[in-house]
Amino acid sequence: MSAPSGPRLSRRGFLAATGALGAAAAAGPHVLAAPAAAAALDARDQVVPFHGRHQAGIATPVQDRLLFAAYDVKGDDRDELIGLLREWTRASAHMSVGRPVGRDNNDVSTPQDDTGETLGLKPARLTLTFGFGSSLFERAGQPRFGIADHRPPPLIDLPEFNSDVLDPARSDGDLAVQACSDDPQVAFHAIRNLSRIGRGVVSVRWSQQGFGRTSTTSPDGATPRNLMGFKDGTNNIKSDQADLLNSDVWVGNRDEPAWMENGSYMVVRRIRMLLEVWDRSTLDDQQQTIGRVKDSGAPLGRRAEHEAVDLEARSGGEPVIPADAHIRLAAPGSNDGARMLRRGFSFTDGIDPVRNQLDAGLFFIAFQRDPRRQFVPIQERLGQEDALNEYIRHTGSGLFACPPGTRPGGYVGESLFA
């Protein structure tokens with residue numbers, strides 16, 4: 001399999017192509033330091049296979065770091081778009097095993113194909129997950145790339161929810177890439193090189209860095225905490241729960257359209273936490289808002305984190321878990337059994353200069369089989385009734401169709417464009 005050579009460009013052009021990602025790299029010192037634990041692992045333990053029935057980065061055990069990027073396609077040339085997806089696929093397969101992008105990295109008279117910042121680093125479980133936004137199929141009512149008739153019915157335009165204060169500059173996009181790794185420099189390198197390869201065909205619409213995963217998909221993994229200090233994702237779908245993955249995450253062979261079989265739908269939400277307000281609330285108020293004990297993670301009325309949530313329990317005539325508690329409203333038992341696979345990360349983007357408060361929170365990522373019966377009804381209920389709305393604002397959003405995985409020699413989205 002040959003590697004992409006990548007387009008030639010000047011140093012100034014290269015800086016312009018990658019400059020949109022600079023803010024993500026400047027978010028804090030944790031961006032540049034690879035975790036010591038990851039460095040100690042054998043290289044073979046740090047490679048997640050890129051090819052397969054499903055895309056990596058969905059049911060894969062969640063890594064420590066994230067760099068998400070959404071792109072807009074500049075033109076309307078179908079062949080050019082397919083060519084980009086082919087090059088992105090080849091480059092991703094190489095980066096996933098720690099190989100540099102491209103062939104021309106030793107000619108001193110030309111720019112290198114690979115930017116070089118991961119030379120000597122291990123892959124650190126890098127995964128790259130690709131998604132297609134609704135605007136790739138049609139924009140402003142105009143069909144694009146000859147695929148408008150193949151837009152999946154679940155790839156809807158998300159409705160406006162309560163607590164939405166969405167920034168259009170941090171929402172949507174034609175294409176999306178979720179880069180996850182245990183080394184933030186490896187994730188940054190991946191997005192940087194994909195952006196460089198795409199120069200002239202796509203432009204970065206928005207990006208988001210994440211750290212400190214807020215959920216686990218590993219059956220033996222400890223539940224992490226979000227920036228509010230609570231364990232998050234206790235009842236998340238795990239990678240060994242094949243029945244739940246098949247029923248709630250992967251698109252099945254009876255679902256439409258057929259090209260999405262073995263794919264999934266990715267919802268991303270940038271949720272800002274009003275941490276200064278949260279920090280002034282009492283411990284009792286925080287626990288009543290979430291529905292769990294902050295220290296142990298146990299549901300209110302229970303002693304251990306993984307004890308079953310009893311939504312019927314009452315004390316003194318009142319429900320033990322309040323009617324507006326987050327875990328009650330988000331529970332599958334309150335939503336006709338609907339559940340999602342979560343892969344969220346914390347984020348911090350410095351200080352909001354207007355309010356002089358932290359711009360930090362949760363970058364929510366969830367994969368599901370059909371957002372119309374999973375994310376949308378759950379979020380509509382949360383938006384209307386959740387006590388947590390006092391402490392959060394949704395500032396960015398996107399829904400993307402993630403096609404199935406690829407075979408060696410194929411490319412991401414081949415089932416759509418074929």
Side-chain angles (χ1 to χ4, degrees), residues 68 70 133-134 154-173 206 208 214-215 226-230 232-233 235-236 265-281 285-292 300 309 311 319 321-347 349 352 354-355 357-368 370-400:
F68 171 89
S134 61
L155 188 62
I156 61 174
D157 296 322
L158 291 175
E160 182 177 351
F161 303 104
N162 287 346
S163 293
D164 277 5
V165 286
L166 300 181
D167 179 357
R170 282 175 163 164
S171 298
D172 303 321
W206 62 289
Q208 181 64 58
T214 61
S215 59
N226 60 31
L227 295 185
M228 288 179 164
F230 278 77
D232 202 338
N235 294 322
N236 197 27
Y265 294 91
M266 174 174 62
V267 170
V268 299
R269 301 282 285 182
R270 186 182 187 275
I271 305 174
R272 180 175 176 180
M273 295 176 174
L274 308 180
L275 294 174
E276 289 81 0
V277 180
W278 178 257
D279 292 342
R280 292 195 296 268
S281 62
D285 181 66
Q286 291 182 358
Q287 294 183 156
Q288 294 287 316
T289 296
I290 301 298
R292 289 189 179 273
L300 295 182
V309 178
L311 298 178
I321 297 177
D324 59 357
H326 181 74
I327 69 165
R328 174 184 288 276
L329 297 172
S334 300
N335 294 282
D336 296 324
R339 65 178 71 219
M340 300 173 287
L341 187 153
R342 295 179 52 186
R343 288 181 60 93
F345 291 82
S346 295
F347 73 84
D349 289 333
D352 177 353
V354 176
R355 299 181 179 178
Q357 295 179 345
L358 286 168
D359 185 4
L362 168 68
F363 193 66
F364 173 93
I365 304 173
F367 291 92
Q368 63 233 268
D370 189 339
R372 296 172 299 179
R373 66 174 181 83
Q374 292 168 278
F375 174 76
V376 171
I378 293 173
Q379 185 56 40
E380 284 179 336
R381 186 168 189 179
L382 290 172
Q384 294 169 1
E385 304 175 35
D386 193 357
L388 192 58
N389 291 332
E390 181 180 351
Y391 304 104
I392 62 174
R393 298 291 183 271
H394 293 244
T395 60
S397 179
L399 171 59
F400 302 92

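All of these numbers come straight from a predicted model, not from anything done at the bench.
In this view, S171 satisfies the side chain to side chain donor-acceptor pair (under 3.5 Å) rule with no residue, not counting sequence neighbours. With sequence neighbours left out, D336 forms a salt bridge (Lys or Arg N to Asp or Glu O under 4.0 Å) with no residue at all. Listed by chain and number, the residues in a side-chain contact (heavy atoms from CB on, under 4.5 Å) with D324 are P322, A387 (sequence neighbours excluded). Considering only residues two or more places apart in sequence or on other chains, D370 meets the side-chain contact (heavy atoms from CB on, under 4.5 Å) condition with P154, R372, R373, Q374. Scored by the side chain to side chain donor-acceptor pair (under 3.5 Å) test, D164 finds R269 as partners (sequence neighbours excluded). Listed by chain and residue number, R292, V309 satisfy the side-chain contact (heavy atoms from CB on, under 4.5 Å) test with N235 (two or more places apart in sequence, or in another chain). Partners of D172 according to the salt bridge (Lys or Arg N to Asp or Glu O under 4.0 Å) rule, which considers only residues two or more places apart in sequence or in another chain, do not exist here. The side chain to side chain donor-acceptor pair (under 3.5 Å) test applied to S334 returns no partner, not counting sequence neighbours. The salt bridge (Lys or Arg N to Asp or Glu O under 4.0 Å) test applied to R339 returns no partner, not counting sequence neighbours. Not counting sequence neighbours, the partners of E385 by the side-chain contact (heavy atoms from CB on, under 4.5 Å) test are L329, R381. The side chain to side chain donor-acceptor pair (under 3.5 Å) check on R272 picks up D352, with sequence neighbours excluded.
Using a distance-only test at 3.5 Å, with no hydrogens or angles considered, a donor-acceptor pair links the side chain of R328 to the main chain of L311. Looking at W278, its side chain never comes within 3.5 Å of a backbone N or O of M273 through a donor-acceptor pair. When atom types are taken as modelled, the side chain of Q384 and the backbone of N162 share no donor-acceptor pair closer than 3.5 angstrom.
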*L274 and E390: side-chain contact (heavy atoms from CB on, under 4.5 Å), yes or no, with the steps?*
CA-CA 8 Å; L274 308 180; E390 181 180 351; over 6 Å; no
*I would like to know whether T214 and N226 meet side chain to side chain donor-acceptor pair (under 3.5 Å); could you show each step before the answer?*
CA-CA 5 Å; T214 61; N226 60 31; over 6 Å; no
*Decide side-chain contact (heavy atoms from CB on, under 4.5 Å) for L227 and L358; before the verdict, give the C-alpha distance in whole Å, the side-chain angles of both, and the deciding distance to 0.1 Å.*
CA-CA 11 Å; L227 295 185; L358 286 168; over 6 Å; no
*asked:* Set out, in order, the CA-CA distance, both residues' side-chain angles and the distance that settles salt bridge (Lys or Arg N to Asp or Glu O under 4.0 Å) for D167 and R270, then state yes or no.
replied: CA-CA 10 Å; D167 179 357; R270 186 182 187 275; over 6 Å; no
_side-chain contact (heavy atoms from CB on, under 4.5 Å) for Q379 and L158? Distances and angles first, verdict last._
CA-CA 10 Å; Q379 185 56 40; L158 291 175; over 6 Å; no
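Within the model, atoms CG of L155 and CG of L399 stand 5.0 Å from one another, a figure rounded to the nearest 0.5 Å. A distance of 7.0 Å separates OG of S215 from CZ of F345, quoted to the nearest 0.5 Å. Between F400 atom CZ and M266 atom CE the span is 6.0 Å, to the nearest 0.5 Å. Atom OG1 of T289 sits about 8.5 Å away from atom CE of M228, to the nearest 0.5 Å. The CZ atom of R280 sits 11.0 Å away from the CG atom of L275 when rounded to the nearest 0.5 Å. Taking CD of Q286 as the reference point, atom OG of S281 lies at 4.0 Å (rounded to 0.5 Å).
For the pair L166 and H394, the tightest heavy-atom approach, listed with the atom from each and the gap, is CD2-O, 3.4 Å. Heavy-atom minimum distance, A70 versus G173: CB-CA, 4.5 Å. The shortest heavy-atom contact between D386 and A325 is OD1-C, 4.3 Å.
At a threshold of 4.5 Å between non-hydrogen side-chain atoms, the residues V268 and Q208 do not count as touching. Proximity of N335 to P377: side-chain heavy atoms (C-beta onward) are nowhere separated by under 4.5 Å. Contact of the T395 side chain with the D359 side chain is not registered, since no non-hydrogen atoms from C-beta on lie closer than 4.5 Å. Side-chain atoms of N236 and R343, non-hydrogen and from C-beta on, never get closer than 4.5 Å to each other.
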Determine all donor-acceptor pairs shorter than 3.5 Å in which one atom belongs to a side chain in residues 360-368; sequence neighbours excluded.
unit_1: Q368; atom_1: OE1; unit_2: F375; atom_2: N; d: 3.1
unit_1: Q368; atom_1: NE2; unit_2: Y265; atom_2: O; d: 3.4
unit_1: Q368; atom_1: NE2; unit_2: A366; atom_2: O; d: 3.2

